[in-house]
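Let me begin by presenting the structure, written as structure tokens, before commenting on it.
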Amino acid sequence: MTRYSDSTYHFFDQVYDVVRLIPEGRVTSYGAVARYLGSGRSARMVGWAMNACTSKPDVPAHRVVNRNGMLTGKMHFTTPFAMQERLEAEGIQVREDVVVEFKRLLWDPSRELEL
DNA sequence: CACTTGACTTATT
DNA sequence: TAATAAGCCAAGT
């Protein structure tokens with residue numbers, strides 16, 4: 001198993017916790033999660049964390065897309081279609097690998113959680 | 001140790 | 001509005 005530094009592992013947990021809070025039928029972006037976690041974390045790190053979450057079925061990774069609503073991570077799922085299928089199963093329409101009405105469905109943790 | 005890569009985003013041209 | 005550059009930061013080579 002790949003080993004990560006303690007700080008990195010902690011960061012992974014933070015990302016997973018936020019992703020688990022995304023309501024069904026909503027989506028968020030890597031950047032939104034990174035901003036919510038703050039403290040020098042970049043969107044790339046969030047994507048990197050998600051890449052390691054494939055073995056964590058309880059993390060709704062399909063609800064995390066890039067800032068344009070594009071399903072950039074679809075190729076990392078069990079099948080390239082799994083991500084879109086899961087989204088559509090929640091009532092989220094996907095067209096040309098992009099979430100329809102993304103702007104309306106966006107769930108920004110730093111705004112929705114309104115700390 | 002230097003360079004490339006990547007589930008990203010923002011700024012600049 | 002679209003293409004490019006720059007910032008990002010850990011891992012892999």
Side-chain angles (χ1 to χ4, degrees):
Chain A
M1 173 181 176
T2 307
R3 294 190 190 80
Y4 301 100
S5 65
D6 291 346
S7 61
T8 297
Y9 186 77
H10 176 58
F11 172 63
F12 281 12
D13 275 345
Q14 290 184 95
V15 173
Y16 301 151
D17 283 344
V18 174
V19 173
R20 275 188 272 255
L21 293 177
I22 304 173
E24 196 173 303
R26 301 291 298 278
V27 296
T28 193
S29 71
Y30 304 95
V33 175
R35 277 198 307 279
Y36 176 71
L37 295 180
S39 64
R41 300 304 190 173
S42 69
R44 280 196 187 281
M45 295 300 93
V46 175
W48 177 49
M50 297 310 293
N51 190 25
C53 90
T54 51
S55 59
K56 298 183 179 302
D58 53 316
V59 178
H62 58 282
R63 294 180 191 150
V64 185
V65 297
N66 78 349
R67 79 171 189 90
N68 295 312
M70 187 177 226
L71 282 54
T72 49
K74 58 181 288 186
M75 306 307 261
H76 297 273
F77 281 73
T78 54
T79 77
F81 309 97
M83 188 174 191
Q84 178 169 339
E85 287 171 357
R86 287 189 180 208
L87 287 173
E88 291 177 335
E90 296 182 0
I92 300 176
Q93 295 182 4
V94 178
R95 191 74 187 208
E96 301 289 316
D97 289 347
V98 176
V99 174
V100 178
E101 298 282 5
F102 169 69
K103 191 174 181 180
R104 184 173 63 80
L105 296 176
L106 178 60
W107 183 84
D108 186 341
S110 59
R111 186 188 52 183
E112 301 289 342
L113 297 182
E114 200 69 46
L115 42 92

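In what follows, chains carry the letters A, B, and so on, assigned in the order in which the sequence lines appear, proteins first and then strands, with residues in each chain numbered from 1. These figures come from a predicted structure and were not determined experimentally.
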So with a 6.0 Å cut-off around CG of A/Asp58, is the heavy-atom count from everything else above 12? yes
Where is the tightest heavy-atom contact between A/Met50 and A/Tyr30, given as atom of each residue plus distance? CG-CE2, 4.2 Å
Please convert DNA chain B into dot-bracket. A pair counts if it is Watson-Crick or G-U wobble with both distances under 3.5 Å; crossing pairs go in [ ] and bases paired with another strand get |. .|||||.||||||
Which part of the nucleic acid, if any, lies within contact of A/Phe77, taking any heavy atom under 4.0 Å across all strands shown: a base, the sugar-phosphate backbone alone, or nothing? base
B/dA7 C1' sits how many Å from A/Arg86 CZ, rounded? 15 Å
Atom CD of residue position A/Glu88 - does it have more than 12 heavy atoms of other residues, nucleotides or ligands inside 6.0 Å? yes
Look only at the side chain of A/Arg86 and the backbone of A/His62, and say whether a donor-acceptor pair between them is shorter than 3.5 Å. no
Determine yes or no for a side-chain-to-main-chain donor-acceptor pair under 3.5 angstrom, with A/Asn68 supplying the side chain and A/Met70 the backbone. no
I need the CZ-C1' distance between A/Phe12 and B/dA7, as an integer number of Å. 12 Å
Between P of C/dG7 and CE of A/Met45, the distance in whole Å: 16 Å
Considering only B/dT10, C/dC9, C/dA11, which nucleotide approaches the side chain of A/Arg35 most closely? B/dT10
Just how far, in rounded Å, is P of C/dA10 from CZ of A/Arg41? 7 Å
A/Tyr30 OH - B/dT10 P separation (whole Å): 14 Å
ILVMFWY cluster, A/Val98 and A/Val27 together (side-chain gap under 4.5 Å): no
Counting only side-chain nitrogens and oxygens, does A/Ser29 get under 4.0 Å of the OP1 or OP2 atom of B/dT9? yes
Spatial distance of atom CG (A/Leu106) from atom CZ (A/Arg63) [nearest 0.5 Å]: 14.0 Å
Rounded distance (Å) that lies between atom P of C/dG12 and atom CG of A/Asn51: 10 Å
Nearest-Å distance for atom pair CG/P, residues A/Leu37 and C/dC8: 18 Å
Kindly point out which of C/dA10, B/dT9, B/dA7 is positioned nearest to the side chain of A/Arg67? B/dT9
What integer distance in Å separates A/Tyr4:OH from C/dC9:P? 18 Å
When we call it a touch if two heavy atoms are under 4.0 Å apart, what does A/Ala61 touch: a base, just sugar-phosphate, or nothing? base
Counting any heavy atom closer than 4.0 Å, what does A/Asn66 reach on the DNA or RNA strands: base, sugar-phosphate only, or nothing? sugar-phosphate
Using the side-chain heavy atoms of A/Met50, tell me which of these nucleotides is nearest: B/dA7, B/dT9, C/dC8. B/dA7
So if I take every side-chain heavy atom of A/Trp48 and compare against B/dA7, C/dC9, C/dA10, which nucleotide ends up nearest? C/dA10
Could you work out the separation of C/dA2 and B/dA7 based on their C1' atoms and round it to a whole Å? 24 Å
